[in-house]
Protein chains: 2
Amino acid sequence: MADEIASVVDTRGRILDAAERLFAQHGLEATSMRMLSAAAGCNLASTNYHFGGKEGLIREVFRRRLTWLNRERLRVLDEMEAAATGRPLKPHLILEAFFGVALRMAADSEGGGATFMRLLGRTYAEPSQFIRNFLAEEYAAVLERFKRALFRALPAVPEAEIVWRLHFMLGAMSYAIAGTDALKLIAHCELDEANPAAALAPRLMSFLLGGLRAPLPAGCTAQRAKPDAKVRRSRRAA
Amino acid sequence: MADEIASVVDTRGRILDAAERLFAQHGLEATSMRMLSAAAGCNLASTNYHFGGKEGLIREVFRRRLTWLNRERLRVLDEMEAAATGRPLKPHLILEAFFGVALRMAADSEGGGATFMRLLGRTYAEPSQFIRNFLAEEYAAVLERFKRALFRALPAVPEAEIVWRLHFMLGAMSYAIAGTDALKLIAHCELDEANPAAALAPRLMSFLLGGLRAPLPAGCTAQRAKPDAKVRRSRRAA
DNA sequence: GTCTATATTCAGATAGAC
DNA sequence: GTCTATCTGAATATAGAC
């Protein structure tokens, strides 16, 4: 990762850094290749030379961070599962592996991780077809893996319910990371935190865990509930 | 509202309906005034005549639904508070007033409410300054009111924590409504629901309530906790 | 109020010199 | 690899006839 990120020397790296920053600030479409080239201190033609067009550039901006992020998520999860020696992981560990890694990246304001996570959060809502397909590809394996881990961790909760809740958790995280200003709007009064980005992680984690372990909605039948009395316990014991 | 929405007769209404649909589908910037005029069956110049430009049109698309939505939220909350005769409302009722109203609108596929809510969900992540300011204005009063209701309902939870959690809940809802396809990505296997939009509401509500009532993150001191033994109870009794 | 026609600006992309 | 210069298309917006 270190080789690939934040190269002040070569043009290619400078373009990617500038793109990341401007995309996060103004959005993908509102950022023109001209704007971007100027910010990177190079020529318009150069950006097209390196990435073959705007679409290629966007893809690369996401790829260089996302592959690392998702690999790291899997690494942490693997580590945890190895330590658990066959027993299902507790839900809070699974969330830690998925969201904790992302939140640590979002708190890294020097390496550009914060900028990228802001961009990523906004991009989840992007209607453009090509970017949705691209993100779907990048995420498919990771989501599948974490989904299965949650299934194992919460055997009393119907799988469909877990899928929905994973969806909700992704939304809460995206929005929380992308919208710092939205929080200020709600707060109105000053939040006492000096650094909101650092204060976010523990707060979001406990919120997500609460949502994941919430009582099931009325009329929801447990499809895989074991016929013993541990049902209630396993919904609490995270 | 009935007068203002879905007029097939007058051009102005047809433009608004077409704009709502196309904005939700392609995004604000990716939808051109030409595309939009064609879909509305009128001329490009006409749309500029009625709304004074693209920005004015966007503003009006949101205004006609948002003022109704937020007024309805306040109406329901007022009604609940009147019925409670001075006692603080239970958290689940407050969430019902805020999110329930929105979710019912999102489930209305005939009146265009579903389309609009999809648009709204995506727009929360919009980086454009003018649209953020506009939404901030439209929401300020409602958020303030619901914030205070939650403060009263959860006296043992620090106000800052409630603000954060309101923020998280807004994110979960936006994303849940905006991203139907994202869910399919996660699911991979088929969800048995015939109508995902209708299945959403109870699931999201229980998730949000679980998050709102989650145990406080470690190191979080209750700033207004009363010095009696009811603290634990009031965090559960929703 | 609705149209045709047009002004203006700016987007993404490329050819070709160096 | 990087530049200048330019092509081509599409965007918002408006002037002015009807």
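Nothing here was measured: the structure is a model prediction, and the numbers come from that model. So that the names make sense, note that chain A is the first sequence line, chain B the second, and so on, each numbered from 1.
- If you check residues 48-56 of chain A against DNA chain D, the residues with a heavy atom closer than 4.0 Å are A:Tyr49, A:His50, listed by number.
- Between the CE atom of B:Met33 and the P atom of C:dT9 there is a distance of 19 Å, given to the nearest Å.
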Step by step, work out the side chain to side chain contact (heavy atoms under 4.5 Å, CB included) result for A:Leu120 and A:Met117. CA-CA 5 Å; A:Leu120 185 59; A:Met117 287 304 296; 4.1 Å; yes
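- Protein atom CG of A:Leu28 is 15 Å distant from nucleotide atom P of C:dA11, rounded to whole Å.
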As a quick check of understanding, evaluate side chain to side chain contact (heavy atoms under 4.5 Å, CB included) for B:Met105 and B:Arg65, giving each step before the final call. CA-CA 10 Å; B:Met105 192 174 191; B:Arg65 301 252 193 213; 3.5 Å; yes
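- Remark: the backbone N or O of B:Ala214 is paired with a side-chain donor or acceptor of B:Arg165 at under 3.5 angstrom.
- Across the protein-nucleic acid pair, A:Glu29 atom CD and D:dA11 atom C1' stand 12 Å apart, rounded to whole Å.
- Near DNA chain C, meaning a heavy atom under 4.0 Å away, the residues from residues 35-47 of chain A are A:Leu44, A:Ala45.
- Residues B:Leu200 and A:Trp164 have side chains in contact (heavy-atom distance under 4.5 Å, counting atoms from C-beta outward).
- Taking side-chain N and O atoms only, A:Thr11 has no distance below 4.0 Å to OP1 or OP2 of D:dG1.
- Remark: P of C:dG12 and CD1 of A:Ile15 are 14 Å apart, rounded to the nearest angstrom.
- Listed pair A:Ser32 / C:dA11 meets the phosphate criterion, a side-chain N or O lying under 4.0 Å from OP1 or OP2.
- Distance alone, capped at 3.5 Å, is enough to place a donor-acceptor pair between the A:Ser32 side chain and the A:Met35 backbone.
- A donor-acceptor distance shorter than 3.5 angstrom exists from the side chain of A:Arg122 to the backbone of A:Ala24, with no hydrogens or angles considered.
- Counting only distance, with no hydrogens or angles, the side chain of A:Arg73 and the backbone of A:Phe98 share a donor-acceptor pair below 3.5 Å.
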Check residues 47-58 of chain A and write down every donor-acceptor pair under 3.5 Å in which the side-chain atom is one partner and the other belongs to a residue at least two apart or another chain.
residue	atom	partner	partner atom	Å
A:Thr47	OG1	A:Leu44	O	2.9
A:Lys54	NZ	A:Leu28	O	3.1
A:Lys54	NZ	A:Thr31	O	2.7
A:Glu55	OE2	A:Arg59	NH2	2.8

